[in-house]
Amino acid sequence: MHFKSHIFPGRSLQGTVFPRNKQGIKQFSSLSIDESCTPTITDLISKQHWSKLKTHVQNADPTTVLQQLLNSGADPELNLRYLTWSQREFKLSQSLELTFRILHSLALAKKYSKIRSFLDKFVKDEKDYSVSAVFHAISLSGDSFCVKSIVADMLVLAYVRNLKTLRGFEAFKRAGDYGFKLSVTSCNPLLSGLVKEGKIRDVEFAYGEMIKRKIELDVISFNTVVNGLCKVGKLNRAGDLTEDMKVWGVSPNVITYNTLIAGYCKMGRIGKMHKADAVLKEMVAKGVSPDEVTYNILIDGFYKDENASGATRVFGEMQRKGLKPNVMTYNILINGLCSDKKVDEAVALWDQMVSSGLEPNVVTHNTLLNGFCKNKTVNEAIKLFNDMAKKGVDPNARTYTTLIDAYCKDRRLEDAFALRDSMIDRGVFPEVSTYNSLIAGLCRKGDVEAAMKLMDEMAGKKLNPDIVTYNILIDSLCNRGESRTAVKLLDEIFSKGLNPTHVTYNTLMDGYCREGNLRAASNVRKRMESKGKQANVVTYNVLIKGFCLKGKLEDANGLLNEMLERGLVPNRTTYEIIKEEMMVKGFVPDIEGHFYNVSGTDSKRK
DNA sequence: GTAGGGTTAG
């Protein structure tokens with residue numbers, strides 16, 4: 001018997017005009033429903049007799065059938081099953097209204113996991129639905145405001161978990177418009193997603209909204225926002241937030257403090273490790289005990305600040321406190337020693353690590369491998385690389401990239417490309433950085449054509465050039481005295497949605513400086529600053545060098561003063577560039593490397 | 001299952 005004739009014998013469904021309820025959803029009159037029909041359909045759905053169901057409904061409008069099911073009060077789970085089946089079978093999208101009415105009824109029945117998995121698929125292949133249309137559908141989906149909030153909440157989470165953070169944020173805002181109450185369970189991942197995408201303004205907006213909407217923020221919410229603020233260098237705001245959270249009855253925990261410490265460590269400011277140490281003292285004073293992570297962050301911070309003795313001191317303190325160094329601690333130490341060119345000590349530490357019962361992981365291997373490479377002992381690196389296979393530590397893309405880069409820098413391009421082939425053979429997929437190393441190698445050789453060919457190969461593998469790729473190209477052009485061509489790449493960078501980094505601008509400035517075009521260099525600086533990027537130490541080094549080369553020592557000195565006033569720490573290069581000139585002008589460096597003006601009355605210029 | 005730490009390319 002045919003489904004169509006079952007419901008409305010002798011009438012075409014499509015032509016039927018149904019009365020609408022107040023929400024504008026078509027409704028069946030109870031009189032027009034053949035009571036025996038829905039049980040048949042629900043029975044077929046529950047038994048998953050899809051082909052029978054298909055013959056049953058094929059001449060009916062699938063949407064109308066869905067409405068029929070909804071209004072018959074059938075099990076929402078079966079309605080959902082019919083919904084997904086009909087969409088797949090008839091290659092159509094059921095209306096948002098009906099879809100969310102089903103979700104509403106599922107939520108009423110507390111079948112949350114069904115909703116979760118449905119929404120997961122929904123946000124994955126949702127076509128042109130605007131978030132506002134979806135929210136309109138939610139608002140019409142039923143009577144229970146509370147249940148609608150739950151569905152909205154799950155929708156936000158579904159967006160975020162499927163990396164559609166922007167839509168998640170949009171949904172978060174819409175939820176506010178409708179007054180739906182969201183939970184920290186979805187807001188926290190949203191905050192976290194926004195932080196990962198560097199959308200700190202949105203993070204701050206969402207945070208403010210959460211407070212306004214009286215969503216009870218937990219320690220994770222605060223820590224996520226603190227982390228976001230730290231990532232963009234807003235350390236003061238991050239610190240304030242740590243105070244604010246107490247007002248909301250949430251106490252900072254070890255993760256809050258670790259995040260702050262890491263924030264200070266990553267900042268290129270003068271006295272940053274002093275600040276980091278201050279946070280450490282503060283947390284102890286507040287009764288929060290530092291853990292392994294705290295010490296790992298500090299050790300790494302001291303090494304990156306080129307303060308090996310500080311790092312050693314903290315490492316000792318960690319052990320005195322009874323905290324056991326873990327694999328990551330050793331990785332940090334080994335990396336620190338390698339960057340301090342003390343590869344032998346790094347190897348000794350590796351042995352110490354092994355004898356303490358810890359197993360070097362792939363990062364440990366990559367770190368030491370890199371140490372060997374950077375210290376011109378590529379053969380040692382190869383030995384270590386071969387050891388990995390024996391020990392069953394799988395090399396990853398970074399392992400290969402490190403070696404490939406070393407080969408390239410060693411002008412062994414053939415070996416580099418052979419390694420690229422071998423990694424592919426072993427199922428390790430090259431990354432953009434792998435190609436970047438190879439492109440840089442070819443550029444160094446002056447083989448721009450081959451570099452371009454490699455870019456095509458990347459495109460074929462769906463690997464998009466990143467900002468480093470462009471920086472390499474820019475550097476290569478600048479080295480050939482084609483800074484004017486290089487600067488044109490900036491537009492292309494923006495058009496690809498990439499953001500130039502300090503390196504990008506600094507490389508261009510360096511190019512112009514070496515061409516003696518200080519005016520163009522300072523224009524690049526202006527352009528950089530107009531994008532909200534302040535000159536960093538390298539910027540100053542490049543410009544100071546440019547001025548020195550032109551004999552404009554007054555200007556060079558002015559730049560040095562400017563960088564000191566801005567709290568930037570001149571590095572070894574800065575001093576190497578200007579040492580002679582500065583000494584001539586009556587400045588001598590002190591032990592810490594800061595200049596005293598011995599001829600003037602100025603106090604120490606830090 | 002939710003928040004913090006380490007390795008590559010410029």
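The model shown is predicted, which means the values in this text are computed figures rather than measured ones. Sequence lines set the chain letters: A, B, ... in the order given, protein chains first and strands last, and positions in each chain run from 1.
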Ring-ring centroid check A/Tyr407 A/Phe417, cutoff 6.0 Å: no

Sugar-phosphate, base or nothing in reach of A/Asp291, heavy atoms under 4.0 Å: base

In Å, rounded to the nearest 0.5 Å, how long is the span from CG of A/Asn479 to CG of A/Asp475? 4.5 Å

Measuring to OP1 and OP2 of B/dA3, would you say a side-chain N or O of A/Lys231 lies under 4.0 angstrom away? no

Compare side-chain N and O positions of A/Asn335 against OP1 and OP2 of B/dT7 and report whether any pair is under 4.0 Å apart. yes

How would you label the contact of A/Asp466 with the nucleic acid (heavy atoms, under 4.0 Å): base, sugar-phosphate, or nothing? base

Does B/dG10 have OP1 or OP2 under 4.0 Å away from a side-chain N or O of A/Lys409? yes

Would you say a side-chain N or O of A/Ser192 is under 4.0 Å from OP1 or OP2 of B/dA3? yes

Can a side chain N or O of A/Asn188 be found less than 4.0 Å away from OP1 or OP2 on B/dT2? no

Would you mind classifying the nucleic acid contact of A/Thr507 as base, sugar-phosphate or nothing, using non-hydrogen atoms under 4.0 angstrom? nothing

So, A/Glu515 and A/Arg484, do they make that salt bridge, N to O below 4.0 Å? no

When all nucleic acid strands are considered with a 4.0 Å heavy-atom cut-off, which category describes A/Asn396: base, sugar-phosphate, or nothing? nothing

